[in-house]
Protein chains: 2
Amino acid sequence: MQLRLPGARRGTKRDATRRALLESALNVFGEKGYHRAAVDEIVSRAGRSKGTAYFHFPSKEAIFRALVRELASYLVERVERELDDEPTAIHRLDAALLSVIDIFTKHRTLARVTLVEVAGAGRAFGDDLLFVRQQFAALIRRHLDAAVAEGALEPCDTDLIATAWFGAISEIVVHWLHDPDRGPLHMTYPALRHLLLQSVGIDINQLPSDRIPAHA
Amino acid sequence: MQLRLPGARRGTKRDATRRALLESALNVFGEKGYHRAAVDEIVSRAGRSKGTAYFHFPSKEAIFRALVRELASYLVERVERELDDEPTAIHRLDAALLSVIDIFTKHRTLARVTLVEVAGAGRAFGDDLLFVRQQFAALIRRHLDAAVAEGALEPCDTDLIATAWFGAISEIVVHWLHDPDRGPLHMTYPALRHLLLQSVGIDINQLPSDRIPAHA
DNA sequence: CCAAACTGACCGACCAGTCAGTTTCGGTGA
DNA sequence: TCACCGAAACTGACTGGTCGGTCAGTTTGG
């Protein structure tokens with residue numbers, strides 16, 4: 001799991017410590033959830049001391065917030081990177097869905113923290129709580145807007161649709177997280193894809209189907 | 001907020017205490033979230049003592065679980081009651097959506113506990129955590145299956161669709177909970193309805209539109 | 001040499017859960 | 001009608017453990 005560390009020059013010792021702490025935090029928060037995760041465990045797994053954690057972050061909450069922001073950036077950046085050579089906005093939406101499914105399949109802890117823990121950490125955290133969700137919905141929305149601009153889509157409430165799509169995807173992933181035995185996440189891709197695209201009136205046959213088996 | 005108390009004869013003193021505790025728990029959990037909610041506060045707001053809470057429930061977690069079950073029953077029962085005189089399964093799905101939006105609009109605390117807190121209370125709770133979600137997805141699924149049986153819908157993965165629909169609705173409600181200033185929840189109904197129905201290939205014009213303004 | 005980075009023992013607040021004792025109340029027999 | 005009993009319901013002071021956060025002191029590195 002490679003974390004992106006914006007605004008900090010890489011390779012310094014300070015940076016390595018910060019990264020070690022966040023990486024450990026990802027695991028502990030992912031396993032225990034925010035409240036049951038103890039700072040003591042985060043630092044011990046990171047091979048640092050408690051004082052160091054409080055040298056780098058003012059509070060446990062700040063560690064969590066920083067982690068969520070890193071994860072959101074990582075996720076959005078990595079998904080967007082895969083969309084570059086898609087010809088149309090609709091293709092990019094399609095590719096984004098596949099990409100997200102792929103990432104979550106490979107990084108369950110990331111999925112758990114960004115989709116489940118963030119919701120439960122409580123509104124005490126203010127707006128940061130919804131950071132990942134907003135980032136992601138914004139990504140979907142951008143490409144929906146592009147599709148409208150391209151004329152592939154009727155003008156519509158892209159904000160609402162992006163939110164709804166994110167909710168749908170999130171719910172499916174959360175179910176899969178909770179009970180992975182019901183088959184790999186990739187299995188749901190064709191049906192989910194069909195559902196989402198059809199919801200905005202896109203004929204599934206507009207898209208070449210040769211892309212599907214690529215990841216499946 | 002009327003809670004349903006299955007399996008207990010109403011009107012007894014015991015029942016009144018249990019109800020008072022759960023009602024108070026609903027408020028405190030709704031305001032503070034599971035972890036920040038103190039049993040002391042729940043009992044004090046209920047006008048009872050701590051010992052009483054532990055006489056009726058074995059643990060704080062048990063209070064939460066019981067509450068979630070009551071809420072799920074209340075919600076599903078109340079929604080289903082409104083579907084009786086709808087002519088077709090599609091109409092019932094439509095009515096259910098409106099009904100849910102209505103209930104959540106009027107009972108924000110209920111929405112917060114069932115949609116947000118349940119997710120965040122952590123997997124420590126085992127499967128009960130997903131109780132509301134499952135109950136609700138099952139409701140949607142039943143009517144989707146009915147629609148298939150009626151021939152109004154092509155055979156499809158109704159389980160997946162129900163999950164996705166629930167996720168979409170849930171996400172919209174959670175956004176509204178978090179930032180209610182962006183307009184009442186009812187405002188999203190037409191667009192959301194259109195999106196969901198179109199996602200399964202239902203032509204919006206099949207349904208009489210005179211129902212829309214009824215609750216709007 | 002100094003500041004940044006780091007250490008880990010310690011503190012204190014918080015809170016779920018306990019328990020010994022008290023009150024309430026339906027039943028029972030005289 | 002009433003005295004009495006036992007169980008159910010209830011009380012709230014107390015405890016034990018957990019854990020976020022502190023800080024006085026040590027190490028590192030430029």
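Below, chains carry the letters A, B, ... as their sequence lines are ordered, and counting in each starts from 1.
Using bins of under 30°, 30° to 60° and over 60° for the plane-to-plane angle, the ring pair A:Phe166/A:Phe136 lands in the tilted bin.
Shown here for A:Thr105 and A:Ile101, the closest heavy-atom pair between the two residues is OG1-O, 2.7 Å.
Within the 4.5 Å cutoff, no side-chain heavy atoms of A:Leu144 are placed close to those of A:Asp159. Two residues are said to be in side-chain contact when any heavy atoms from C-beta on lie closer than 4.5 Å; A:Arg18 and A:Arg14 fail this criterion.
Panel note: side chain B:Ser99, backbone B:Ala95; no donor-acceptor pair is recorded below 3.5 Å. Between the side chain of B:Glu117 and the main chain of B:Tyr34, a donor-acceptor pair closer than 3.5 Å is present. The closest donor-acceptor contact from the side chain of B:Ser24 to the backbone of B:Ala20 lies at 3.5 Å or more, if one exists at all.
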Polar pairs (N or O, both sides) under 3.5 Å between protein and nucleotides 14-19 of chain C?
residue, atom, partner, partner atom, Å
C:dA16, OP1, B:Ala37, O, 3.2
C:dA16, OP1, B:Lys60, NZ, 3.0
C:dA16, OP2, B:Val39, N, 2.8
C:dA16, N7, B:Lys50, NZ, 2.8
C:dG17, OP2, B:Tyr54, OH, 3.0
C:dG17, OP2, B:Lys60, N, 2.9
C:dG17, N7, B:Lys50, NZ, 3.0
C:dG17, O6, B:Lys50, NZ, 2.8

Table of protein N/O atoms under 3.5 Å from nucleotides 3-5 of chain C N/O atoms:
residue, atom, partner, partner atom, Å
C:dA5, OP1, A:Arg14, NH1, 3.0
C:dA5, OP2, A:Arg14, NH1, 2.8

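Between B:Arg108 atom CZ and B:Leu177 atom CG the span is 5.5 Å, to the nearest 0.5 Å.
Along DNA chain D, the stretch of nucleotides lying under 4.0 Å from any heavy atom of chain B spans, 5' to 3', D:dA9 to D:dG12.
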Evaluate the criterion side chain to side chain contact (heavy atoms under 4.5 Å, CB included) for residue pair B:Leu21 and B:Thr17; output intermediate values, then yes/no.
-> CA-CA 6 Å; B:Leu21 285 170; B:Thr17 295; 4.1 Å; yes

Please test B:Phe29 against B:Ile42 for side chain to side chain contact (heavy atoms under 4.5 Å, CB included), starting from the C-alpha separation and ending with a verdict.
-> CA-CA 9 Å; B:Phe29 283 135; B:Ile42 293 173; 3.9 Å; yes

